[in-house]
Amino acid sequence: MNKDEGLIRAVGVRGLTAGMINYMVGAGIFVVPALVAGRVGGAAPAVYIVCAVAMALIVMCFADAGSRVSLSGGTYAYAEVAFGPYIGFVVAISLWFGSAVLASAAVINVFAATLAEFVPSFGTRAARVAIIAIVYVVLAGINIRGVKLGSRAVQGVTLAKLIPLVILVAVGLFFIRPQNLAWPGLPPSGQMARTSVMLIFAFMGIESALTPSGEVRDPSRTVPRSIFIALATVTILYMAIQIVAQGVLGPDLATNTTAPLAETARRILGNGGQLLVLIGTAISTLGYVAGDVLAAPRGIYALGRDRLLPAPLGAVHPKYRTPHIAIVVHTALCFMVAITGSFESLLVLSVLAALTVYLICCLATIQLQRKNIRTEGTIPFRVPGGPVIPIISTLIVIWLMMSSTRQEFLALGAMLLVETILFVIMRARRVPVPTAT
């Protein structure tokens, strides 16, 4: 019996691809060029290519696992099928709280601050709280009324936030100074590695967009196609923005770490260009939050469905066929974290939580291949070389995690301990149910 039989498979390649691009192209795109230029200068395009290749290996694991397991919950479902409910639970909570709630709360504050640039009176605490509340209420209402409506909203916002960036690139190509793009040679391997780590973080987001897998049409074809289209699109966009910003600003790019694209736009298009980038920032941050409200609640829905969190979280709306209670709980928690501002010190833990999810997905891919798991009798996407790419991807993720400090690892360990205690309590209170097959 399909656990997600109450949900409607309404998300196709276009909708899933838009969700992935929306997650990856977030507020960070407006500051990343300066950070990269400060580390490697004119060699930045080469680092983007290295980073994209590394990320491609990791997302191949998501493509393989996602084409085999089409249950809502995304990486949680992959991990549960491969390793059982405990590992699935750890992945789901780490992904939901670490990579969704904290990140969404951070980004929506950027959105509120951007609005305050347009209307200074929005800069008060009361106005900020009101703006955050309105955004979450509206997005929750849209997604409760249907995943198709929520997916269309994400597609629309994704297109809207890409337009200013595409305009910046298209116009900026005519203002590039060739001497600013002089090839300095490849940087030292250590410097290349540190910059690649930063860029890997900029590419993150695919794992969250895959959470509503139980509502994806023909997942064995849709998931891998969407992953590679999204990765190729984001890589080309990132490289183009880097080349334009570096070609226009030259050495000034590395020193402008607060708003490098706004400064690039000002030099190209004047004050109107700055306004364009500010609008792009507002749309980008709003789009990220919209994508989060579409995808993240499906993770706790899956846990409620499997009685690993309170059962009401696994309820499906009788009319709209959406996980309405999970959506309400998720947006309410995001709102509370966002207005307190206490999440800022936990942003690094959010990144570590995402890397934990990546690591388990890579290992789960090996296990799913070994068990020959496939969805509804379909032929899954197979990564070349069997377990070779998942093993390489695992080593890449471990390498990234090793850059963390001792304190950050202790914080991650504390989060995992809390998750373990919660899992034990919930398992003791419920009648065991079969895991996904």
Side-chain angles (χ1 to χ4, degrees), residues 21 24-56 110 114 117 160-205 230-285 403:
I21 293 174
M24 287 189 285
V25 183
I29 186 64
F30 296 93
V31 295
V32 162
L35 300 178
V36 175
R39 292 175 180 268
V40 297
V47 180
Y48 276 94
I49 294 174
V50 170
C51 180
V53 171
M55 195 65 188
V110 176
T114 303
E117 294 289 330
K161 80 175 181 180
L162 290 179
I163 288 176
L165 296 175
V166 172
I167 292 175
L168 178 65
V169 170
V171 177
L173 289 173
F174 296 97
F175 291 83
I176 289 176
R177 298 178 180 180
Q179 63 268 28
N180 290 338
L181 297 176
W183 176 250
L186 286 176
S189 59
Q191 196 173 14
M192 176 86 77
R194 286 191 297 272
T195 308
S196 296
V197 168
M198 179 190 65
L199 283 179
I200 286 287
F201 296 160
F203 278 100
M204 286 182 174
L231 181 61
T233 301
V234 169
T235 301
I236 293 171
L237 178 64
Y238 275 24
M239 289 183 63
I241 290 174
Q242 182 73 40
I243 290 171
V244 167
Q246 197 156 322
V248 172
L249 298 182
D252 293 340
L253 175 61
T255 60
N256 192 334
T257 57
T258 55
L261 294 194
E263 176 60 20
T264 303
R266 188 189 67 80
R267 295 194 186 185
I268 295 172
L269 301 169
N271 292 333
Q274 280 187 310
L275 179 62
L276 179 69
V277 171
L278 283 174
I279 293 173
T281 304
I283 295 174
S284 179
T285 50
S403 65

Original post:
Which value, rounded to the nearest 0.5 Å, describes the distance between Leu278 atom CG and Thr114 atom OG1?
Top reply: 7.0 Å
**OP:** Check Val169 against Ala240 and note the closest heavy-atom contact, atom names and distance.
**Re:** CG1-CB, 3.8 Å
Original post:
Heavy atoms, side chains only, cut-off 4.5 Å: are Asn180 and Val248 in contact?
Top reply: no
Original post:
What closest approach, in Å, do Pro33 and Leu253 show between heavy atoms, and which atom pair accounts for it?
Top reply: O-CD2, 3.8 Å
Original post:
Sequence neighbours excluded, which residues qualify as side-chain contact (heavy atoms from CB on, under 4.5 Å) partners of Ile167?
Top reply: Ile163, Val171, Leu276
**OP:** Could you pull out all residues at least two apart from Ala265 that satisfy side-chain contact (heavy atoms from CB on, under 4.5 Å)?
**Re:** Leu168, Val277
Original post:
Quick one: salt bridge (charged side-chain N to carboxylate O under 4.0 Å, His left out) partners of Arg266, sequence neighbours excluded?
Top reply: Glu263
Subject >> Euclidean distance, Ile236 CD1 relative to Tyr48 OH, rounded to 0.5 Å >> reply: 14.0 Å
**OP:** Would you list the pairs meeting salt bridge (charged side-chain N to carboxylate O under 4.0 Å, His left out) in which at least one residue belongs to residues 166-177, sequence neighbours left out?
**Re:** none
**OP:** List in chain and number order the residues that pass side-chain contact (heavy atoms from CB on, under 4.5 Å) with Ala56, two or more places apart in sequence or in another chain; answer none if no residue qualifies.
**Re:** Leu231
Original post:
Which pairs count as salt bridge (charged side-chain N to carboxylate O under 4.0 Å, His left out) when at least one residue sits in residues 234-256, sequence neighbours excluded?
Top reply: Asp252-Arg267
Original post:
Do Gln246 side-chain atoms and Leu181 backbone N/O form a donor-acceptor pair below 3.5 Å?
Top reply: no
Subject >> Atom pair CG (Leu269) and CZ (Phe175), whose distance is rounded to the nearest 0.5 Å >> reply: 7.0 Å
Subject >> Interatomic distance, Thr264 atom OG1 to Ile241 atom CD1 [nearest 0.5 angstrom] >> reply: 10.0 Å
Subject >> Closest non-hydrogen atom pair, Trp183 against Ala43 >> reply: CZ3-CA, 3.7 Å
